[in-house]
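Heads up, the thing below is written out as structure tokens.
The analysis underlying the following values was restricted to heavy atoms, covering all of them including side chains, and did not include hydrogens, waters or symmetry mates.
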Amino acid sequence: MKKHLSRRRILQAPFVIGACVAAPALLRSGRASALELSKGQNILAIHPLSNALRATRKPVCMKIATRLEGLTAASRGFDLHLRSAGLELSDAIAIAAALGEVPVANAPALRSFSVSYNPGIGDAGASALLAALPASVTEIGMVGCGLRDASGQTLLDWAQQAQNIAMICVEGNDYSQQMRDRISNLRQARPGLFIVV
């Protein structure tokens, strides 16, 4: 339980994105040169996501984009937490599209994903993001995102095929009591799955 609670606090952190293996610093411009790429850095694979984050022009997203650009081919994975970033529906859709462009085999794996406290993404944004999440994701946070039963159903459908998911935090949304119960009942089918709704 303590492990789950500590990870939950991380899901609610302003921004977290860390490689398992420390990455060397990029050029001061934040871009990788051909020489750096030849040394084993795999920056291009992650560019769709970092570009989409920069395009939002939101400070939290800009910081994370810079960290993404520091990942290398040796990085085993990363956490993408966009808590209280001021994301709107259009931002969520653009980020979802970018996630879909990142090749699964040639980029560090996304492990933990949070867009908590972004009420502007709503049902449509949450559904788009869920549809774009790779199978590598083990934790998701969508706390206080203005979600209703439509995206609750999308979450249920997604969770049934998300074999690696270990934690789902979706409290503070506008689900009906019936939907809250259905999400909570995921624990019965997935023993060990930690859910806060």
Side-chain angles (χ1 to χ4, degrees), residues 1-17 49 52-53 56 58 60-61 64 77-100 102 104 109-197:
M1 179 66 82
K2 289 182 179 178
K3 178 182 177 183
H4 287 308
L5 291 176
S6 63
R7 288 299 295 164
R8 185 165 172 247
R9 287 193 190 100
I10 292 173
L11 280 173
Q12 295 178 345
F15 61 89
V16 177
I17 186 163
L49 183 53
L53 292 171
T56 68
K58 308 282 195 307
V60 169
C61 295
I64 293 175
F78 65 99
D79 300 330
L80 181 59
H81 294 178
L82 303 168
R83 178 184 183 264
S84 301
L87 298 178
E88 300 294 335
L89 172 58
S90 59
D91 300 320
I93 290 174
I95 292 168
L99 281 168
V102 175
V104 175
L110 175 58
R111 298 170 305 201
S112 179
F113 178 78
S114 177
V115 286
S116 292
Y117 305 110
N118 287 288
I121 69 172
D123 279 336
S127 294
L129 289 166
L130 285 167
L133 291 178
S136 58
V137 171
T138 60
E139 302 170 350
I140 62 166
M142 292 186 170
V143 178
C145 288
L147 307 185
R148 298 180 180 273
D149 286 6
S151 59
Q153 183 60 54
T154 303
L155 175 66
L156 288 170
D157 295 340
W158 175 82
Q160 289 175 2
Q161 53 80 35
Q163 295 302 311
N164 293 314
I165 192 67
M167 180 184 292
I168 297 174
C169 296
V170 289
E171 68 267 33
N173 287 300
D174 298 321
Y175 300 129
S176 66
Q177 187 57 52
Q178 181 182 19
M179 180 56 68
R180 290 179 194 280
D181 292 343
R182 292 179 65 197
I183 294 172
S184 294
N185 288 341
L186 282 170
R187 297 185 190 99
Q188 296 175 4
R190 301 287 295 274
L193 176 58
F194 183 77
I195 301 174
V196 183
V197 61

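- Under a 3.5 Å cut-off, the side chain of S114 and the backbone N or O of H81 do not form any donor-acceptor pair.
- Proximity of L53 to V60: side-chain heavy atoms (C-beta onward) are nowhere separated by under 4.5 Å.
- Checked against side chain to side chain contact (heavy atoms under 4.5 Å, CB included), A96 has the following partners two or more places apart in sequence or in another chain: A128, L129, A132.
- With sequence neighbours left out, Q163 forms a side chain to side chain contact (heavy atoms under 4.5 Å, CB included) with no residue at all.
- The closest side-chain heavy-atom distance from M142 to N118 is not below 4.5 Å.
- Of the N and O atoms on the side chains of Q153 and R182, at least one donor lies less than 3.5 Å from an acceptor on the other residue.
- The two residues I183 and L156 make their nearest non-hydrogen contact at CA-CD2, 3.8 Å.
- Here the side chains of N173 and C145 are in contact, with some heavy-atom distance below 4.5 Å.
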Exercise. Show the numbers, then the answer: is there a side chain to side chain contact (heavy atoms under 4.5 Å, CB included) between C61 and L87?
Key: CA-CA 9 Å; C61 295; L87 298 178; 3.7 Å; yes
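- In this structure a side-chain-to-backbone donor-acceptor pair under 3.5 Å is missing from S151 to A126.
- The pair D123-R148 does not meet the salt-bridge criterion, since no charged nitrogen lies less than 4.0 angstrom from a carboxylate oxygen.
- Distance alone, capped at 3.5 Å, is enough to place a donor-acceptor pair between the N164 side chain and the A135 backbone.
- Contact of the V197 side chain with the M179 side chain is not registered, since no non-hydrogen atoms from C-beta on lie closer than 4.5 Å.
- Shown here is Q177, whose CD atom has more than 12 heavy atoms of other residues, nucleotides or ligands within 6.0 Å.
- Once rounded to the nearest 0.5 Å, the distance linking CZ of F194 with CZ of R187 reads 8.0 Å.
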For the pair L89 and I121, evaluate side chain to side chain contact (heavy atoms under 4.5 Å, CB included) and give the outcome as yes or no after the intermediate values. CA-CA 4 Å; L89 172 58; I121 69 172; 5.9 Å; no
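- A distance of 4.5 Å separates OH in Y175 from CG in L147, rounded to the nearest 0.5 Å.
- The side-chain heavy atoms of L49 and F78, taken from C-beta on, include a pair separated by under 4.5 Å.
- Taking 4.5 Å as the limit, every side-chain heavy atom of V115 sits out of range of all side-chain heavy atoms of I95.
- Closest approach of S127 and T154 over heavy atoms only: OG-OG1, 3.2 Å.
- Across all non-hydrogen atoms, the minimal contact from L193 to I165 is CD1-O, 3.8 Å.
- I64 has its side chain within reach of L82: a pair of non-hydrogen atoms, C-beta onward, lies under 4.5 Å apart.
- Side-chain contact, T56 with D91: no donor N or O sits under 3.5 Å from an acceptor N or O.
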W158 vs L133, side chain to side chain contact (heavy atoms under 4.5 Å, CB included): CA-CA, chis, key distance, verdict: CA-CA 9 Å; W158 175 82; L133 291 178; 4.0 Å; yes
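- Taken from OG in S112 to CE in M167, the straight-line distance is 8.0 Å, to the nearest 0.5 Å.
- Applying the side chain to side chain contact (heavy atoms under 4.5 Å, CB included) test to A52 and every residue at least two apart in sequence or in another chain returns A98.
- Under the 3.5 Å distance criterion, the side-chain polar atoms of R190 are matched with a main-chain donor or acceptor of A159.
- Residue S176 holds its OG atom at 3.5 Å from CG of D149, rounded to the nearest 0.5 Å.
- Under the 4.5 Å side-chain criterion, counting only non-hydrogen atoms from C-beta, I140 is in contact with L130.
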